[in-house]
S.K.: 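Below is a structure I'd like to ask you about.
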Amino acid sequence: MIREKRNKEKLTAYYNKFMDEGILDPNVHPWVAESWQRCRNMRIPHETMPKMNRLTNEQLIEHQKEHIQVVEYVDGLYEQNKQHFNTHNLSMLLIDENGYVIKNYAMPFFQRAIDDIQGIRVLESDVGTSSISVAREHNVPFLMFGPEMWIRESHNGDACSAPICVQGKIRYILSFCSVDQNELPYDLLLSLLLTMKYSVERYLEMLISQSVQRMVLDEMPVSVFWLNRDEKIQYCNENGRRRLDGKTSLADVFLNYEHIPVRRALSGKPSYRREITWITQERTYEDVTTTLPVRIGDSVDGAVILSMSIEDLKTTIAHATGYSSRYSLYSMVGDTAEFLSLQHKATRIARLDNNILLQGEPGTGKQRLAHGIHQASPRAAAPLIVVKCSDESVDTMEEEFFGRTDGDGLPCAGKLELAMGGTLFIDEVEKMPVELGDRVADALQNGLPVRGSAERKKLNIRVIAACDSNLKRLADKGLFSHSLFDLVLGTVVRIPPLRERVKDIAVLTNHILAEMSAQYNVPQKRLTPDALQVLTGYSWPGNIKQLQGVIERAFFHVPGSIIEEEDIKMPVDRTMERSWKYDKDSFISVWKAAGGNISRLATMLDVSRVTLYRYLKKYELGPEQGREKKGK
């Protein structure tokens, strides 16, 4: 609070009147009067300094280390203004939020030794009324004249204190103290104090901002480098430091540095999301890299590089999409009675909360159906967590379900914990080892064991399991966990293979083409009747997934909007593909798979029609038989 100059003789009279008679003169500043009254009630001595509450030397050293950034910054401010402190015989105190003096910026002739004041607590309860206590209580700068202070031996000088506030909270207090009764230029004193207050507050805000930014940058799966005009690194985040491996220059680490667009950015030209290869002696990084010029006014002062591993990018995308449903039940299409029955049943059971077992051949759409059931269920807003059982070790699969501890000993949640409140989709569940299946079933039924405790954390999870095999037969043979089988057997949904819903092939094909056209922003493509006949004449052992692969290949290889019969590259069994040249039965099997059509067979086996007629003759089928077969 800025105050006008006061008559110190009158202030002394007010002080003596209160100390001797307990009478507060109305001319005493109300904040000072309130503090005097509290000090009297606390019976704080007022003639000389009482015994002080202070830190030990060891505590003071640690305390100053804790606040070293602010101490060094205030050191700099003091050095810039030392002349004013010398001229007016001032000292300055840096005080923490708890009232302890962190550092005393005093002249050699200051009446107290530095070691006497540093580490002392200077709250109202310690030293009585002071500019420090008033500024701290009311959170405003406050100028206090000597006779207003509680301790009489402090009346020979004045003091002005200002709280240093960040985000509405007092972090420090700066206090200027005079050591004689000479007339002080109060305007200069206040101006200097308020300027230093503002400067320290902005510095603290910057430190907080930098700390948060660095924390965020270190957690990002991106390597960040900031270079100056001389291409020296000014900053890099944790990922960047790992790549540098202790080096201090990008040119010393990356063998192809000249081909990374750093100098382009330093010339003022940004590069956005370019695929860049970063080559070191040890390894190669395939990255998506952005380089940006750093400008100060009209000149370029440096460059910022943001580079993310394409592999990490794929992992991030997979991680994100693995926690939510990507498909609805209506993303599955078909007109046959078999499909419509499946869709209606899925819609009905989605509203329930019992566990589900999806049975069907590979490629029939079990994963898409699981996503659709989750999205149509009351759990749709909760996570959908996917676990695909594999031929990995039991320990690896166990960590995926139950979690692990990282290199620092911190726990990383497993899929069971991540699925809390939502749905756990276990794909290829038949590959889960029996012992692990028993543990998973136990956790789902009785709760997840809490590390370091005998307690269990109850799980609220709906399980959707998918298998290609007869799970009951595996369980009966002891090849699959009985307890897990009983748990997922709540509702069994059989998904028919594509060969049982041939009439849906046309609908599925058009749906796949429409999805791809939307995904890649290209005009809709369609199949000719002959091309569609090629598809409907095949048995599709790989089901919808195999059909989708064939359609995608045709989609990308046809520049126009019409997909002809010759554009369809049909799949063929790899064993047959290798053996048809040597075995008549294998040749006939492939021929049947092609529907007896020579042109289609030539496309499937990627050979000419002339070659096929040669093998017809070799197997004593002859061209006539071939043409007869074709006619059929």
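Model, not experiment: these values are computed from the prediction.
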S.K.: Any chance you could measure K232, atom NZ, to S249, atom OG, to the nearest 0.5 Å?
M.R.: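 That separation rounds to 5.5 Å.
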S.K.: Do the side chain of N256 and the main chain of T277 share a donor and acceptor less than 3.5 angstrom apart?
M.R.: yes
S.K.: In terms of side-chain heavy atoms, does H371 have a donor or acceptor partner in Q367 at a distance below 3.5 Å?
M.R.: no
S.K.: Please walk me through it: do T280 and Y285 pass side chain to side chain contact (heavy atoms under 4.5 Å, CB included)?
M.R.: CA-CA 8 Å; T280 72; Y285 300 92; 4.1 Å; yes
S.K.: Please round to the nearest 0.5 Å and tell me the distance separating atom OH of Y100 and atom CG of L60.
M.R.: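 Y100 OH to L60 CG: 11.5 Å, rounded to 0.5 Å.
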S.K.: Measuring only between side-chain heavy atoms, which start at C-beta, is I426 closer than 4.5 Å to I464?
M.R.: no
S.K.: Check the surroundings of atom CD in E515: do more than 12 heavy atoms from other residues, nucleotides or ligands lie under 6.0 Å from it?
M.R.: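 More than 12 heavy atoms, drawn from other residues, nucleotides or ligands, come within 6.0 Å of this atom.
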S.K.: Can you tell me if N228 uses its side chain to pair, donor with acceptor, with the backbone of E231 under 3.5 Å?
M.R.: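 Yes, N228 side chain to E231 backbone: donor-acceptor pair under 3.5 Å.
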S.K.: Can you confirm whether more than 12 heavy atoms, excluding those of R264, are under 6.0 Å from its CZ atom?
M.R.: yes
S.K.: Quick one: do Q213 and S209 satisfy side-chain hydrogen bond (donor to acceptor under 3.5 Å, both in side chains)? Show the steps, please.
M.R.: CA-CA 6 Å; Q213 289 172 10; S209 177; 3.0 Å; yes
S.K.: Do F402 and V440 have side chains that approach each other closer than 4.5 Å (heavy atoms only, starting at C-beta)?
M.R.: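 Of all side-chain heavy-atom pairs linking V440 with F402, at least one is under 4.5 Å.
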S.K.: For D218, what residues pass the salt bridge (Lys or Arg N to Asp or Glu O under 4.0 Å) criterion, not counting sequence neighbours?
M.R.: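 D218 satisfies salt bridge (Lys or Arg N to Asp or Glu O under 4.0 Å) with R241 once adjacent residues are dropped.
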S.K.: For the backbone of I102 and the side chain of Q64, can you confirm whether one donor and one acceptor N or O come within less than 3.5 Å of each other?
M.R.: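 Flag set: sc Q64 to bb I102 pair under 3.5 Å.
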S.K.: Which value, rounded to the nearest 0.5 Å, describes the distance between L547 atom CG and L498 atom CG?
M.R.: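 These two atoms lie 6.0 Å from each other.
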S.K.: Roughly how far, to the nearest 0.5 Å, is the CG atom of L459 from the CG atom of L444?
M.R.: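 These two atoms lie 6.5 Å from each other.
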S.K.: For residues D530 and E564, determine if any side-chain heavy atom of one lies less than 4.5 Å from a side-chain heavy atom of the other.
M.R.: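 No. Closest side-chain heavy atoms not under 4.5 Å.
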S.K.: Would you please test R462 and I373 for side chain to side chain contact (heavy atoms under 4.5 Å, CB included) and show each step?
M.R.: CA-CA 11 Å; R462 182 188 204 176; I373 290 172; 4.0 Å; yes
S.K.: Keeping the roles fixed (side chain from N237, backbone from V222), state whether a donor-acceptor pair exists under 3.5 Å.
M.R.: yes
S.K.: So does R171 pair up with E97, basic N to acidic O under 4.0 Å?
M.R.: no
S.K.: Hey, is the main chain of S517 close enough, under 3.5 Å, to the side chain of N521 for a donor-acceptor pair?
M.R.: no
S.K.: For the residue pair Y105 and D75, confirm or rule out a side-chain donor-acceptor distance under 3.5 Å.
M.R.: yes
S.K.: Does any non-hydrogen side-chain atom of F425 lie less than 4.5 Å from one of V387?
M.R.: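 No, side chains not in contact.
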S.K.: In terms of heavy-atom contacts, does OH of Y235 have more than 12 from other residues, nucleotides or ligands at under 6.0 Å?
M.R.: yes
S.K.: Classify the ring geometry between F555 and Y520 as parallel (under 30°), tilted (30 to 60°) or perpendicular (over 60°).
M.R.: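 Answer is tilted, since the angle falls between 30° and 60°.
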S.K.: Please tabulate, for side-chain N and O atoms in residues 199-206, each donor-acceptor pair with protein atoms closer than 3.5 Å (sequence neighbours left out).
M.R.:
from : atom 1 : to   : atom 2 : distance (Å)
S199 : OG     : Y73  : OH     : 2.5
E201 : OE2    : C165 : N      : 2.8
E201 : OE2    : K197 : NZ     : 2.7
R202 : NE     : E205 : OE1    : 2.9
R202 : NH2    : E205 : OE1    : 3.3
R202 : NH2    : E205 : OE2    : 2.8

S.K.: State whether the side chain of N510 and the backbone N or O of A506 hold a donor-acceptor pair below 3.5 Å, judged by distance alone.
M.R.: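 Indeed, once roles are kept as given, a pair shorter than 3.5 Å links the two residues.
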S.K.: Where is the tightest heavy-atom contact between G363 and N543, given as atom of each residue plus distance?
M.R.: O-CB, 3.4 Å
S.K.: Locate the shortest heavy-atom distance separating I132 from S175; write the atom from each residue and the value.
M.R.: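 So the minimum-distance heavy-atom pair works out to CG1-OG, 3.6 Å.
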S.K.: Rounded to the nearest 0.5 Å, what separates atom OG in S161 from atom CD1 in I95?
M.R.: 6.0 Å
S.K.: Just by distance, do the side chain of H374 and the backbone of S328 share a donor-acceptor pair under 3.5 Å?
M.R.: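 It does not hold such a pair.
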S.K.: Between K415 and V386, what is the shortest heavy-atom contact and its length?
M.R.: NZ-O, 3.0 Å
S.K.: Is there a donor-acceptor contact under 3.5 Å from the side chain of T291 to the main chain of P261?
M.R.: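 Between the backbone of P261 and the side chain of T291 there is a qualifying donor-acceptor contact (under 3.5 Å).
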S.K.: Indicate yes or no for a side-chain donor-acceptor contact from K366 to the backbone of G360 under 3.5 Å, with no hydrogens or angles considered.
M.R.: yes
S.K.: Could you report the tightest heavy-atom contact between I562 and V558, atom names first, then the distance?
M.R.: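 Heavy atoms of I562 and V558 come nearest at O-CG1, 3.3 Å.
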S.K.: Checking side-chain polar atoms at under 3.5 Å, does W278 have a donor or acceptor matched by the opposite partner on T289?
M.R.: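 Yes, T289 and W278 have a side-chain donor paired with an acceptor closer than 3.5 Å.
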S.K.: Can you tell me how far CD of Q69 sits from OG of S211, rounded to the nearest 0.5 angstrom?
M.R.: 9.0 Å
S.K.: State, to 0.1 Å, how close L418 and P383 come at their nearest heavy-atom pair, and which atoms those are.
M.R.: O-CG, 3.4 Å
S.K.: For side chain to side chain contact (heavy atoms under 4.5 Å, CB included), just list the numbers for W226 and V294, CA-CA rounded to whole Å, side-chain angles, deciding distance to a tenth of an Å, and then say yes or no.
M.R.: CA-CA 9 Å; W226 169 28; V294 177; 4.3 Å; yes
S.K.: Would you check if the side chain of R295 reaches a backbone N or O of G268 as a donor-acceptor pair within less than 3.5 Å?
M.R.: yes
S.K.: Compare every heavy atom of T528 with every heavy atom of E565, then report the nearest pair and how far apart it is.
M.R.: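 Of all heavy-atom pairs spanning E565 and T528, the closest is N-OG1, 4.0 Å.
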S.K.: For the side-chain contact (heavy atoms from CB on, under 4.5 Å) test, which of T195, D187, L194 pairs with S191?
M.R.: T195
S.K.: So do L535 and T509 actually touch side chain to side chain, heavy atoms under 4.5 Å?
M.R.: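 Yes - at least one pair of side-chain heavy atoms lies under 4.5 Å apart.
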S.K.: Should E275 and D287 count as side-chain neighbours, where that means a heavy-atom distance under 4.5 Å?
M.R.: no
S.K.: Please name all residues satisfying side chain to side chain donor-acceptor pair (under 3.5 Å) with Q59, sequence neighbours left out, ordered by chain then number.
M.R.: T56
S.K.: Do T87 and F85 make a side-chain contact, defined as non-hydrogen atoms from C-beta onward lying under 4.5 Å apart?
M.R.: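 Answer no - side chains too far apart.
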S.K.: Let me see the working for H63 and D96 under side chain to side chain contact (heavy atoms under 4.5 Å, CB included), right down to the final yes or no.
M.R.: CA-CA 10 Å; H63 196 52; D96 72 9; 2.7 Å; yes
S.K.: Considering residues, nucleotides and ligands other than Q80, do more than 12 of their heavy atoms fall under 6.0 Å from its CD?
M.R.: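 Open.
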S.K.: Is there a side-chain contact between D245 and V253 (heavy atoms, below 4.5 Å)?
M.R.: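 A side-chain contact is absent here, since even the closest heavy-atom pair is not under 4.5 Å.
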S.K.: Using a strict threshold of under 4.0 Å (side-chain N to carboxylate O), is an ion pair present between K457 and E417?
M.R.: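 So E417 pairs with K457 through a salt bridge.
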S.K.: State, without any angle test, whether Q118 and N104 hold a side-chain donor-acceptor pair at a distance under 3.5 Å.
M.R.: no
